[in-house]
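These notes are about the structure you will find just below.
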Amino acid sequence: MVTAENALPQAGAIVFEQVRKIFVDPEGREVEALSSVNLAIRPGEFVSLVGPSGCGKSTLLRLVAGLETASEGLIRLDDEVIAGPHYLRGLVFQDPTLFPWLTVRRNIAAGLAARGVAKQQWDEVDEYIELVGLSGFGDSFPHQLSGGMAQRAALARALVNHPKVLLLDEPLGALDAFTRMQLQDEILRIWQDRGTTEIFVTHDIDEAIYLSDRIIVMTPRPGKIQEIIEVPIGRPRSRNHPDFFRLRSRILEVLNFAKELSLSYYL
Amino acid sequence: MSASELTSRKKTDLQIELGELKSEKHSVKKDLNLMLVCKLLLPVLLWGIFWVAHLFIADRQILTGGKYFNWLMITLLGLYLIFLVISYFISNIRSGLVHKVPLISAVLMILLIWELTTLKLNLLPLPYFPPPAKVFAALAIDWQTLWISVLYSLRLLGIGYLIGLLVGLPCGTLMGWYAGFNYWLNPVLRFIGPIPATAWIPVAMAVFPTSFAASIFLIALASWFPITVMTWSGIANVNKAFYEVARTLGGGEYYLITRVAVPAALPSIFVGLFMGMGTAFVTLVVGELLGVKAGLGWYIQWAQGWAEYAKVYAALFVMAVIFSGLITLLFRIRDKVLVWQRGLIKW
Ligand SMILES: Nc1ncnc2c1ncn2[C@@H]1O[C@H](COP(=O)(O)OP(=O)(O)OP(=O)(O)O)[C@@H](O)[C@H]1O
Ligand SMILES: [Mg+2]
């Protein structure tokens, strides 16, 4: 069952300690994607990352996912240092990247298959199909789905392993406004059911405010955390709560300030 | 295109057609029906012309066993008429038949020209160009030898291709996955692969105790190369994001290779399987022409030695049926395995 009783009383505290990430491009030049990131995310918290393109948001997520390793410093999940991917840290990409050779049901079950869970214990899969509103499409292939449906399937696929941490890298970026709002609500509902820690990357400030407990504003070159903004609006939130506008202008201010700062740095 | 899209498109087409039919007058509809009937009767007409030529123009060549061909022609006409009657009741079969009419007519035309230029007018030199009746007689009289030859050829081809496949798939997979394998196998593949397998015949004959074993080795080698190359390139070109997804889902290396890399590379692997089958056919026939004492290639060689060109053509016909059947079978398998691919070309 995909309900609160089954979701184990799980932790999911993430701590970044002096994390630095340097990429070396093929010509041997170094790119500092992240410089000394210090951050503590509470268990079950919903955190958004916003910031201009290239400030290292995806890099930060990929570090938590274990797809990249930090050049310096370390990241802990519940006091365990992250080294390599683990099924308890699920990742949803901007592009759904469903396996085109598997049906929707098989795609969603991929996490179970990958861990070698016996097929008799796959009953949950159909509940996930329903959970993300894909009933009737279990036997379809990914190329028969719309963008929004594919993204729902990708979300279900990341959830099937009951991750402690769910990392979402602009999962709704390619969708129309209506589908977007619908999926935002679905993500919130699942998050509240599960108590997973979620890190959500987005370019949409309203989306960040609507979803998160805290918003982390990042600045580029080198990527670092500029400011962390609490969202003091109670849930369930209304999209036109007066505090929305205040927070939005605040975030924009931080982003603009950062831009001026980096400009003066270059001048 | 998705199935639902297809059906909706068909529906709109139908609606347009219906609308046109309704808007036009009855006489047009009758004309259409008349044209359809004419079209469907065209093969019967051509058959009649053939039969008239067959009966009333004197032979200028000596022909034995002509009765087999007569029976064939009568049977074919009978089959066509049966289909014609069925198609009157079943519209699916009707449209299929209408679609095939130009092809059937073309075949009849070719038979007619063939008959005229050989048996009737003696324009083409003998023994190289026997009349159709003689080729069919060879097929009908010598079918047992031909059948045994087919079995021999299939055995050789099957064993050789299977070995090429069983070695090529792992070779390509390992090359695509492990840099170390690629380092050692890539030069071998590059250096030895492009040599046509048939060029190894002298070596194979010397190394292997029998020409049968030598041929199997050559066929395996011929199919191994394209299968390996296409598997390797397929696996090396898999979108890296699939691996990242699989790893965050808890997949280990075995899962990544067997459940991500190989399925993702399947379209490319199938290209290799087709290419490998083509090279295997070539090598099989050359092997049989040169050394093996059985099989269709050997049969052709043997018939040529006796200047029995009708048998050569009969064997070529059988070969075409068998090889084309094998390619069709491979296409069927591919269509089953790759149902998930968008816009697959049907064979
Ligand atoms: N594999 C890589 N090799 C070299 N440089 C990289 C690599 N991945 C990221 N970078 C660099 O690191 C920086 C941060 O990249 P990242 O993808 O994390 O940005 P982002 O904040 O996610 O941007 P966007 O909002 O456009 O997705 C960029 O300058 C990028 O060029
Ligand atoms: Mg990014």
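Numbers restart at 1 for each chain; the letters A, B, ... are given by sequence-line order, proteins then strands.
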Sole candidate of A:P142, A:P100, A:S140 that passes side chain to side chain contact (heavy atoms under 4.5 Å, CB included) when paired with B:W340: A:P100
Heavy-atom proximity to chain A below 4.5 Å, by part of B:R259: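 Backbone of B:R259 only, per the 4.5 Å heavy-atom cut-off to chain A.
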Which atoms of B:V260 approach chain A - backbone, side chain, both or neither, heavy atom under 4.5 Å: both
Which atoms of [X] come close to chain B, meaning under 4.5 Å heavy atom to heavy atom: side chain ones, backbone ones, both, or neither?
X	answer
A:R62	side chain
A:L98	backbone
A:Y87	both

Take atom [atom1] of [X] as the centre, draw a 6.0 Å sphere, and report whether it contains more than 12 heavy atoms from other residues, nucleotides or ligands.
X	atom1	result
B:K240	NZ	yes
B:F83	CZ	no
A:F137	CZ	no
A:D79	CG	no
A:W191	CH2	yes

Smallest separation among heavy atoms of B:L249 and A:N161, with atom names: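 For B:L249 versus A:N161, the nearest heavy atoms are O-ND2, 3.0 Å.
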Closest non-hydrogen atom pair between A:F93 and B:V245, with its separation: CE1-CG2, 3.4 Å
Salt bridge (charged side-chain N to carboxylate O under 4.0 Å, His left out) pairs, two or more places apart, involving residues 163-192 of chain B: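 Counting only pairs at least two positions apart or across chains, no salt bridge (charged side-chain N to carboxylate O under 4.0 Å, His left out) contact touches residues 163-192 of chain B.
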Contact check, side chains of A:L91 and B:E244, non-hydrogen atoms, under 4.5 Å: no
Residue selection (most heavy-atom pairs with chain A, distance under 4.5 Å) from B:A241, B:P263, B:A246, B:G252: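 Maximum pair count with chain A is reached by B:P263.
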Gap separating the CG atom of A:L167 from the OG1 atom of B:T248, nearest 0.5 angstrom: 9.0 Å
Top contributor to chain B contacts, counting heavy-atom pairs under 4.5 Å, from A:A65, A:A113, A:G66: A:A113
